[in-house]
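Heads up: the structure comes next, in structure tokens.
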Amino acid sequence: MDNLTPEQRHKSMSRIKSKDTSIEIILRKALWHKGYRYRKNDRSLPGSPDIVLKKYKVAIFCDGEFFHGKDWERLQMQLKNGSNSEYWLKKIERNIGRDDKNNKELFYRGWTVLRFWGKDIKDHTEECVQTIEEEIFRQKLLKD
């Protein structure tokens, strides 16, 4: 990994935001440009989804690869060889479990959950928007 001192790492990690991250803003701007209106970080729903399309009951999460455990098997191996590995393994496993629990609770309440990885939002924004639009279209068909 890198050679940061504990103080430098603490300073770096403390700057990571949970709301209004760059990936959320990219996706929100793309949706707004297409004419979709949404709510941000709706605390009335499990997991406070990053973007909520209430009209269609679609909850969208913009997940960072590290904190939400993308390619978990590979990441686990990297973390086991890094510093403070026990902490990070437990933290990310809790995040994965919490994400799964929130997905199930939202589904139980009749919501569709869409999750996008940060890199996909950055590199393939239009495909992410298209996935959302396909779900909106599907919801419209179900209502008719």
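Only this structure's heavy atoms are used, side chains among them; waters, hydrogens and symmetry mates stay out. Since the model is a prediction, treat every value here as computed from it, not as a measurement.
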K70 and L75: side-chain contact (heavy atoms from CB on, under 4.5 Å), yes or no, with the steps? CA-CA 7 Å; K70 183 171 192 224; L75 182 57; over 6 Å; no

Check the surroundings of atom CZ in R28: do more than 12 heavy atoms from other residues, nucleotides or ligands lie under 6.0 Å from it? yes

For atom CZ of R43, is the number of surrounding heavy atoms from other residues, nucleotides or ligands below 6.0 Å larger than 12?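 No, not enclosed.
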
What's the spacing between [X] [atom1] and [Y] [atom2] if we round to 0.5 Å?
X: Y36; Y: I60; atom1: OH; atom2: CD1; result: 10.5 Å
X: L142; Y: R138; atom1: CG; atom2: CZ; result: 5.0 Å
X: K91; Y: I96; atom1: NZ; atom2: CD1; result: 12.0 Å
X: K54; Y: W111; atom1: NZ; atom2: CH2; result: 6.0 Å
X: D99; Y: R94; atom1: CG; atom2: CZ; result: 12.5 Å
X: E65; Y: W72; atom1: CD; atom2: CH2; result: 14.0 Å

Are the charged groups of D20 and K40 less than 4.0 angstrom apart, N to O? yes

Determine, stepwise, if the pair F66 / L79 fulfils side-chain contact (heavy atoms from CB on, under 4.5 Å). CA-CA 10 Å; F66 180 76; L79 289 172; 3.8 Å; yes

Evaluate side-chain contact (heavy atoms from CB on, under 4.5 Å) for I51 paired with F116, printing each intermediate quantity in order. CA-CA 11 Å; I51 301 169; F116 298 101; over 6 Å; no

Taking it one step at a time, do E133 and K34 satisfy salt bridge (Lys or Arg N to Asp or Glu O under 4.0 Å)? CA-CA 10 Å; E133 288 182 314; K34 293 255 185 168; 3.8 Å; yes

Under 3.5 Å side-chain donor-acceptor pair for Q139 and E135: yes

With P46, the side-chain contact (heavy atoms from CB on, under 4.5 Å) member among R109, K104, K101, R98: R109

Option among N102, D120, D63, D50 that satisfies the side chain to side chain donor-acceptor pair (under 3.5 Å) test with R115: D63

